[in-house]
4 protein chains.
Amino acid sequence: MNVTSIVENPLLIEKRRMQLTLAGINVFSRLGFHKATVKDVAIEAGVSVGLVYQYVSDKQDLLFLALNHIIRRHHEEIPSALAGLEDPLVRLHAATDSYARINASNKAVVVLTYRETKSLKPEFIRKLKQLEIETNRLIEGCIQECLDAGFLVPTKPELLAYRVVIAAQSWSLKNWQLAKIVTLDEYIEHAIHACWVALLSQKGRRRIAKLQSDGLLKGLAAIA
Amino acid sequence: MNVTSIVENPLLIEKRRMQLTLAGINVFSRLGFHKATVKDVAIEAGVSVGLVYQYVSDKQDLLFLALNHIIRRHHEEIPSALAGLEDPLVRLHAATDSYARINASNKAVVVLTYRETKSLKPEFIRKLKQLEIETNRLIEGCIQECLDAGFLVPTKPELLAYRVVIAAQSWSLKNWQLAKIVTLDEYIEHAIHACWVALLSQKGRRRIAKLQSDGLLKGLAAIA
Amino acid sequence: MNVTSIVENPLLIEKRRMQLTLAGINVFSRLGFHKATVKDVAIEAGVSVGLVYQYVSDKQDLLFLALNHIIRRHHEEIPSALAGLEDPLVRLHAATDSYARINASNKAVVVLTYRETKSLKPEFIRKLKQLEIETNRLIEGCIQECLDAGFLVPTKPELLAYRVVIAAQSWSLKNWQLAKIVTLDEYIEHAIHACWVALLSQKGRRRIAKLQSDGLLKGLAAIA
Amino acid sequence: MNVTSIVENPLLIEKRRMQLTLAGINVFSRLGFHKATVKDVAIEAGVSVGLVYQYVSDKQDLLFLALNHIIRRHHEEIPSALAGLEDPLVRLHAATDSYARINASNKAVVVLTYRETKSLKPEFIRKLKQLEIETNRLIEGCIQECLDAGFLVPTKPELLAYRVVIAAQSWSLKNWQLAKIVTLDEYIEHAIHACWVALLSQKGRRRIAKLQSDGLLKGLAAIA
DNA sequence: CATGAATGAGGATTCATTCAT
DNA sequence: CATGAATGAATCCTCATTCAT
């Protein structure tokens, strides 16, 4: 299931893999998975073709490394963004914000994921879908907390989570047009947070106001 | 700019092109543009490889025909859905609904557009982007009418139009998960119409209520 | 062995064959036999592809028609140029001159013969070689007459005939350069007739002088 | 302009190129450029198809390598045949002889040049024409020296050079017939050297006699 | 560990030929 | 007789992968 390598030194593996991951993201984004050659990736990474095959067993592995990159970022950064936060609304805001900004910093990978996931073997596709579901669960969990606390009107948490995810990924997918209309901050507020803000209960709305006046929640001025 | 053919009889061209378009959508969706062979498309269309090249000059042309299909549907059906409607909110509702349902009936093409647009030559990409902008303008126009009538609170019409478009396309893109959570009708109401309903002004909200009681606007019960 | 046709009306056949012959010469000269398509020839001849196959059975037949064209010209025109001439040297001069000028009027076919003969099936190649030999014999015969009359020093008549033939064909083959250096008339005198003039015996030289002063032989002023 | 390769080691390039050149000459001569497949050439060279494309970028490149082969031979061997020779007539004789024998040793390439030059892209055709002109100039130079020394009667050196060239190439072009009539040595004497011997001045004729009796010039016994 | 030369399977495209109209 | 739409075999070229150095 995981990418395997011939070389044994684990530090070297880690270093080479990162080289190949970044090279893969660049090259596949520029040329697409099928048009890009393994040689293209090797050159971008500054190594020889032969070396590539010492660290991955397949061209598809290179794609998997690239697509997996952003997922790893989510799983590392969202939990750390939530660490120490207690208020459900603050946590939902933080998770959403973090998720959106990680996506925005990795536009190429987001686009690549939409374009090239189908190019992977079923086994890899399944794995990525599973990981995506787990990522979404990080947001869904925060939504559930807000529902439990009565801050949101009753709604399907999975659907709301998906709406947030879709809106966040769309910043990358439609960036060529959206960036002409709004800034990232505006977009996050009016197109991403707006999704759940529209579903705040009375209680939720009051809590938001308090959090804002206590300085515990920045932003949302225009929409909440 | 347009796909050209060697055969001269225009009726025959139209017929064959449609065959190839539908075959292209199926095959490219199943296998992806690069993995699919022209022979695959020919077989799916029930013709010979050679015949394909009498009606398109290129494998890329087949992809363009496929991707262009849904755009043609939008440009034919949305205006006809709006015909005779006068109230701005009714029109916005109709345009959005129509747009969403056309996308939902062509899930494969929507997905294909995201996956394979980059596989086209720049010239075709430009053409498709242009056509997409024109499609969006159909919705944007309705939004603007609502803004002019004071039914929506001030907002950027392009951004709102994009949010609707994104939500509608996402039904196809994330269908594998969304369909587990909601029906299409629910999704249209809670994820697509919800985008603009959340921005209704007092006046807009009142008008909606009236239209509903007059039977001029069906749906939106749960969110407006 | 001969090109056969489906159509029966012999006049029509003759007319169509000539159309195709001329079209073939043009198209094959411009594009080469392999790059030219049967459709190209059909268009050049102003007919449909299907029609071509009513008058020839093969693409190769078209080439054969083209290459055979110049041979037919030789076999028609050289004998008629010799008709009524009696003096061996006058006859040799006339045959050579006629041969050279027919070649010069059909440069494209000469070039085509060198380039594309090998593209024919063995059976056609044999036929053409045979016809070429017969053509050469027309000149060789005149040389033999001159040898018998003692006008040329002993020499192999076949070799001399070939030298004349080669020189004549070279006007077409190297025309791009030769035409920069000399006119056709100069070339015929200095490069073609020169071949046999250099082999004139004393007797032959005297006879030439007499023929010239009698006005029975024009040209050769500069070399004989 | 020149054939380029992906492989970097220049010795390997040289070796492989020579393999491909010789294979190309054989295969293209046997089958013609268009009928021959790249695979045919690869097999003849004892390598794989893929390897071919590491050393040439095109099927046409293979043809260019083949056609260029004889030109390289001329440019290497004629100057070395002239090295150390001083007498203009000896030099002309040597250049002509060398040129004729190189052509005779590369009959296949000579024929190929006539048949397939047009199959090359214009850029290559121009290059070959240029090189042919330069080759001819090697002979033309010797003719000019003889003219300057008064050994030949006034004549256009370019034309005489072309006549020699044509006669020499014709040994290959018409070999199927000429070889039945004469040996190469006879042909060189009676059909090639004969061209310029016929134009010797009195002075030239005397010099030839002297060179022959001094043993500085072998051959021409029968014609000078 | 790293290199890059060699392999050969695979696919887009062309075009001679046929045949129904 | 004439047309031109349809066929499908044939070939150039690319590139993932291997392996000797």
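Throughout, a chain's letter reflects where its sequence line sits, starting with A, and its residues are numbered from 1.
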Ring-face cation contact, D:F28 with D:K35, 6.0 Å cut, 45° max: no
Using a cut-off of less than 4.0 Å, is there contact between a side-chain N or O of D:R16 and OP1 or OP2 of E:dA5? no
Check this one for me: any side-chain N or O of D:Y55 less than 4.0 Å away from OP1 or OP2 of E:dA6? yes
Tell me which of D:K15 and B:L51 sits closer to the 5' end of DNA chain E, going by the nucleotide each one is nearest to. D:K15
What is the separation between atom CD1 on D:I43 and atom C1' on E:dG8, rounded to the nearest whole Å? 12 Å
Do side-chain atoms of B:Q54 reach the backbone of B:S5 as a donor and acceptor pair under 3.5 angstrom? no
With a distance cut-off below 6.0 Å to the six-membered ring centre and an angular limit of 45° from the axis, does B:K118 pair with B:F33 as a cation-pi contact? no
Would you kindly give the CZ-to-C1' distance between D:F28 and F:dC12, to the nearest whole Å? 12 Å
Report the distance from atom CD of C:Q19 to atom C1' of F:dA2, rounded to the nearest whole Å. 12 Å
According to the interplanar angle, ranging from 0 to 90°, do the rings of B:F124 and B:F64 count as parallel (below 30°), tilted (30 to 60°) or perpendicular (above 60°)? parallel
If the sugar-phosphate is the primed atoms plus P, OP1 and OP2 and the base is the rest, what is the B/S/- string for nucleotides 16-21 of chain E, using protein heavy atoms under 4.0 Å? SBB---
Measure the CG-CG distance between C:L67 and C:L131 for me, rounded to the nearest 0.5 Å. 11.0 Å
Protein-nucleotide distance (A:L63, atom CG; F:dA16, atom P), rounded to Å: 13 Å
Whole-Å distance between F:dT14 P and A:L31 CG? 15 Å
Can you tell me how far P in E:dC1 sits from the matching atom in F:dT21, rounded to whole Å? 22 Å
Spacing between D:I6 atom CD1 and E:dA6 atom P, to the nearest angstrom: 11 Å
Smallest heavy-atom separation, B:A66 atom then B:T21 atom, equals CA-CG2, 4.1 Å
Quick check: do A:V111 and A:S29 have side-chain heavy atoms less than 4.5 Å from each other? no
Fit a plane to each ring of B:H34 and A:H34, take the angle between them on a 0 to 90° scale, and name the class: parallel (under 30°), tilted (30 to 60°) or perpendicular (over 60°). parallel
Where DNA chain E forms runs of at least three Watson-Crick or G-U pairs (i with j, i+1 with j-1, under 3.5 Å), the stems are E:2-21 with F:2-21
Test: D:R30 and D:E44 ion pair at under 4.0 Å: yes
